[in-house]
Amino acid sequence: MLSTFIQTKMLMADKKQNIQMRLDSVSEMGFSLNPGLLDDNAKEQEIQLGFSSSIEPDVKNDKMALIFGVKYASKENTLLESIYKFVFSVVNLEQFIKYNGDKSITINQIMPHLLSVAVGTTRGILVVKTAGTKLSQFPLPMIDVNQLNEMLSTRR
C-alpha cells in the first residue's frame, strides 16, 4: 500500500504547522442514475445541484471518514445521486477536533482539504459513470470548498 502523507503548511494562531494526511480509501455508499428523466433540450440552469456530508472521526486511530454526497435534480426528478465514503489518515487528528456542549463536533483547519479531495474524486467518478448519457454534458462544476464547508456546516 502506498503510504505517502501530504504535508501542508497552514497558518494557525500565527504559527505555521505541518498537517500530515493521506487518503486511505474511497468506497461507494450509494449510486443512482436516471438520465432518461432529463429533457433532451435541458439547459445547465435547469439542473439543481445539492450536496450532503457527514463526518465520522476515529481519534484513537487517527482516521477521519467523510461521507460525501452529490445530487442532480430537474423539476421534481432526481437525475443522479452519488454517495461515497472517503477515509483519511490524519496524523494527530485530535488537535483538529473540538467537541461542543451540544454533542456536535467542529473540525478545524482540515475540512477544506478533505472536501477538496472528495469533490475532485467525485467529479472524476461522475465523468466515468455518466459517460454516454445526457448527464455527461453537465459535469460537476468547480466549487469553492470553503463556501461548501460553511454551507454544509450550517446544515448540521
Side-chain angles (χ1 to χ4, degrees), residues 1-35 44 47-73 78-100 102-133 135-156:
M1 177 177 174
L2 183 62
S3 182
T4 304
F5 280 90
I6 295 174
Q7 293 194 24
T8 306
K9 288 195 181 217
M10 298 189 66
L11 200 57
M12 187 169 158
D14 294 329
K15 65 178 184 175
K16 287 188 179 180
Q17 175 184 19
N18 282 326
I19 298 172
Q20 294 180 317
M21 64 178 120
R22 74 171 176 242
L23 176 62
D24 288 340
S25 66
V26 179
S27 54
E28 188 173 272
M29 305 282 293
F31 186 83
S32 67
L33 180 63
N34 303 301
E44 184 177 345
I47 296 180
Q48 299 153 6
L49 184 58
F51 299 96
S52 63
S53 75
S54 63
I55 51 173
E56 299 172 356
D58 178 1
V59 173
K60 181 179 159 190
N61 295 306
D62 279 343
K63 301 283 185 185
M64 171 67 81
L66 170 64
I67 314 296
F68 182 74
V70 174
K71 183 176 181 178
Y72 283 43
T78 297
L79 305 170
L80 178 147
E81 193 160 17
S82 175
I83 303 168
Y84 286 86
K85 181 177 186 176
F86 298 84
V87 178
F88 297 88
S89 290
V90 181
V91 173
N92 197 11
L93 177 62
E94 185 174 33
Q95 70 180 323
F96 304 107
I97 297 179
K98 177 184 170 196
Y99 296 95
N100 304 312
D102 63 356
K103 297 187 180 182
S104 65
I105 298 171
T106 302
I107 307 296
N108 295 311
Q109 309 299 318
I110 62 172
M111 275 310 292
H113 296 288
L114 304 181
L115 282 170
S116 181
V117 170
V119 169
T121 303
T122 300
R123 181 179 295 110
I125 290 169
L126 294 182
V127 164
V128 172
K129 290 209 174 215
T130 62
T133 73
L135 282 172
S136 67
Q137 299 170 27
F138 305 98
L140 192 59
M142 299 302 292
I143 296 166
D144 180 335
V145 292
N146 290 311
Q147 285 183 333
L148 180 61
N149 184 37
E150 288 179 31
M151 180 191 70
L152 293 171
S153 296
T154 303
R155 286 189 194 167
R156 287 188 194 115

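- The line from OG1 of Thr133 to CG of Asn34 is 10.5 Å long, rounded to the nearest 0.5 Å.
- For Lys63, the salt bridge (Lys or Arg N to Asp or Glu O under 4.0 Å) partners two or more places apart in sequence, or in a different chain, are Asp24.
- Checked by atom type and distance alone, the side chain of Tyr72 pairs as donor or acceptor with a backbone atom of Phe138 at under 3.5 Å.
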Are Val70 and Phe51 close enough, and set up right, to give a side chain to side chain contact (heavy atoms under 4.5 Å, CB included), and what steps lead you there?
-> CA-CA 5 Å; Val70 174; Phe51 299 96; 3.9 Å; yes

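- A donor-acceptor pair under 3.5 Å links the side-chain atoms of Asp102 to the main chain of Ser104, judged by distance alone.
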Take Ile55 and Leu114 through the test side chain to side chain contact (heavy atoms under 4.5 Å, CB included) and record every step on the way to the result.
-> CA-CA 10 Å; Ile55 51 173; Leu114 304 181; 5.9 Å; no

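- The nearest pair of heavy atoms linking Ser136 to Ala131 is CB-CA, 4.3 Å.
- Among pairs with a residue in residues 118-128, none fulfils salt bridge (charged side-chain N to carboxylate O under 4.0 Å, His left out), at least two apart in sequence or across chains.
- Residue Lys129 holds its NZ atom at 11.0 Å from OG1 of Thr122, rounded to the nearest 0.5 Å.
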Output, in order, the C-alpha distance, side-chain angles, deciding distance and verdict of side chain to side chain contact (heavy atoms under 4.5 Å, CB included) for Val117 and Phe88.
-> CA-CA 10 Å; Val117 170; Phe88 297 88; 3.9 Å; yes

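- Atom CG of Leu93 and atom NZ of Lys60 lie 14.0 Å apart (nearest 0.5 Å).
- Contacts classified as salt bridge (charged side-chain N to carboxylate O under 4.0 Å, His left out) and involving residues 79-95 (residues at least two apart or in different chains) are given here: Glu56-Lys85.
- Nearest heavy atom pair, residue Val145 against residue Val119, reads CG1-CG2, 4.5 Å.
- Rounding to the nearest 0.5 angstrom, the gap separating the CD1 atom in Ile105 from the NZ atom in Lys103 is 12.0 Å.
- Relative orientation of the Phe86 and Tyr84 rings is tilted, given thresholds of 30° and 60° on the angle between their planes.
- Listed here is the closest heavy atom pair of Pro57 and Ile97: CB-CD1, 3.4 Å.
- Distance OG1/Thr130 to CD1/Ile125: 11.5 Å, rounded to 0.5 Å.
- In this structure, Leu23 CG and Leu66 CG are separated by 10.0 Å, a value rounded to the nearest 0.5 Å.
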